[in-house]
Amino acid sequence: MKALEIQNLRKEYKDGTLALKDVSFHIEQGEFFSLLGLNGAGKTTLIGIVTDLVKKTSGTVKVMGHDLDSSRNEAKSQIGLVPQEFNFNVFLTVEEVLKNYAGYFGVSQSIMDDRTTEVLERLQLAHKRHTQVRFLSGGMKRRVMIARALMHDPKLLILDEPTAGVDVDLRREIWDLLKSLNKGGMTIILTSHYMEEIEALCQRIAILHQGVIIRTGDI
């Protein structure tokens, strides 16, 4: 069973813009995979479709064997998404951000408390548990984004430019964290414009250009 299977994926917007043109590729379980492309290549649209935030025009998407059309909830529950932009309520505490997200995925209260503690410790955020997010540094906020995405124990983690705008030291810390998650069996998809980041982390890549996959292969 593949972690992600995409077949003949097509997205045409109402204004006639063709963002994706019959895109097909797959990702094996446990892979660290990179999706590369210039701005406007279709990466964000593709990620939006996989996470059910953007409606596709045609084609099929399967996440851990679950078809996004016929088994939407099961497919979505397998995915943890870390978007590029911060998108949480900054007046909530770190703990509240994590628990609200877990609740969205139906994580029970009995599991939620232990899961919150586990994730906070793993991301070195335990000491910020009761701090409002607005008081955190940019690097800490980035960690919260990753911690939130892990709360429902996804099998596929998607990160869109996770180290954009962070300093070198924090970037290395995030690299170490992602390597650890991947070593533990998590499948990871990464978009990045830092080539050294791709070389340091990823095993396989797909290059998207003007809505078409022009190359896939080992790093």
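Basis for what follows: all heavy atoms, side chains included, without hydrogens, waters or symmetry-related copies.
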Is there a continuous path of hydrophobic side-chain contacts, each under 4.5 Å between heavy atoms, that joins [X] to [Y]?
{"X": "Ile198", "Y": "Ile27", "result": "no"}
{"X": "Leu36", "Y": "Ile188", "result": "yes"}
{"X": "Leu136", "Y": "Val90", "result": "yes"}
{"X": "Ile207", "Y": "Ile47", "result": "no"}
{"X": "Phe91", "Y": "Phe86", "result": "yes"}

Can you establish whether the number of heavy atoms outside Arg172 located under 6.0 Å from its atom CZ is more than 12? no
Is atom CZ of Arg134 surrounded by more than 12 heavy atoms (other residues, nucleotides or ligands) closer than 6.0 Å? yes
To the nearest 0.5 Å, tell me how far [X] [atom1] sits from [Y] [atom2].
{"X": "Leu125", "Y": "Glu95", "atom1": "CG", "atom2": "CD", "answer": "12.0 Å"}
{"X": "Met1", "Y": "His26", "atom1": "CE", "atom2": "NE2", "answer": "13.5 Å"}
{"X": "Leu201", "Y": "Ser34", "atom1": "CG", "atom2": "OG", "answer": "9.0 Å"}
{"X": "Leu35", "Y": "Ile213", "atom1": "CG", "atom2": "CD1", "answer": "6.0 Å"}
{"X": "Cys202", "Y": "Glu31", "atom1": "SG", "atom2": "CD", "answer": "10.0 Å"}
{"X": "Glu74", "Y": "Lys62", "atom1": "CD", "atom2": "NZ", "answer": "13.5 Å"}

Heavy-atom donor-acceptor pair, [X] side chain to [Y] backbone, under 3.5 Å:
{"X": "His193", "Y": "Leu38", "result": "no"}
{"X": "Ser180", "Y": "Asp176", "result": "no"}
{"X": "Gln78", "Y": "Leu156", "result": "no"}
{"X": "Asp160", "Y": "Val82", "result": "no"}
{"X": "Ser192", "Y": "Tyr194", "result": "yes"}

Minimum side-chain heavy-atom gap [X]-[Y] below 4.5 Å:
{"X": "Arg122", "Y": "Leu181", "result": "yes"}
{"X": "Phe135", "Y": "Met140", "result": "no"}
{"X": "Leu46", "Y": "Val50", "result": "yes"}
{"X": "Asp22", "Y": "Val212", "result": "no"}
{"X": "Leu20", "Y": "Ile49", "result": "yes"}

For the residue pair [X] and [Y], what are the closest heavy atoms and their distance?
{"X": "Gly30", "Y": "Thr187", "answer": "N-OG1, 2.7 Å"}
{"X": "Arg115", "Y": "Asp153", "answer": "NH2-CA, 3.5 Å"}
{"X": "Phe33", "Y": "Ile205", "answer": "CZ-C, 3.8 Å"}
{"X": "Phe105", "Y": "Lys76", "answer": "CE2-O, 3.7 Å"}
{"X": "Met186", "Y": "Leu150", "answer": "CE-CD2, 3.8 Å"}
{"X": "Lys141", "Y": "Val133", "answer": "CE-O, 3.3 Å"}

For Arg142 and Thr163, what are the C-alpha separation, side-chain angles and deciding distance, and is it a side chain to side chain donor-acceptor pair (under 3.5 Å)? CA-CA 8 Å; Arg142 188 68 63 185; Thr163 62; over 6 Å; no
Any residue meeting salt bridge (Lys or Arg N to Asp or Glu O under 4.0 Å) with Asp113, in chain and number order, not counting sequence neighbours: Lys99
Given Gln84 and Thr44, is the side chain to side chain contact (heavy atoms under 4.5 Å, CB included) satisfied, shown in steps? CA-CA 10 Å; Gln84 182 176 347; Thr44 299; over 6 Å; no
Show, in sequence, the C-alpha distance, side-chain angles and deciding distance for Thr116 and Met151, and conclude whether the side chain to side chain contact (heavy atoms under 4.5 Å, CB included) test is met. CA-CA 7 Å; Thr116 301; Met151 279 299 295; 3.3 Å; yes
Sidechain N-carboxylate O distance under 4.0 Å for Glu173, Arg143: yes
Please set out all donor-acceptor pairs under 3.5 angstrom arising from side-chain atoms of residues 5-13, sequence neighbours excluded.
residue, atom, partner, partner atom, Å
Lys11, NZ, Lys55, O, 2.7
Tyr13, OH, Thr45, OG1, 3.2

Step by step, would you call Lys155 with Val63 a side chain to side chain contact (heavy atoms under 4.5 Å, CB included)? CA-CA 9 Å; Lys155 301 299 182 291; Val63 183; over 6 Å; no
Applying the side chain to side chain contact (heavy atoms under 4.5 Å, CB included) criterion to Met145, which one of Leu159, Asn87, Leu81 satisfies it? Asn87
Sole candidate of Thr131, Val119, Leu98, Leu92 that passes side chain to side chain contact (heavy atoms under 4.5 Å, CB included) when paired with Val144: Leu98
After noting the C-alpha distance and the side-chain angles of Lys2 and Glu28, does the key distance pass the side chain to side chain contact (heavy atoms under 4.5 Å, CB included) rule? CA-CA 5 Å; Lys2 313 294 186 188; Glu28 300 287 348; 2.7 Å; yes
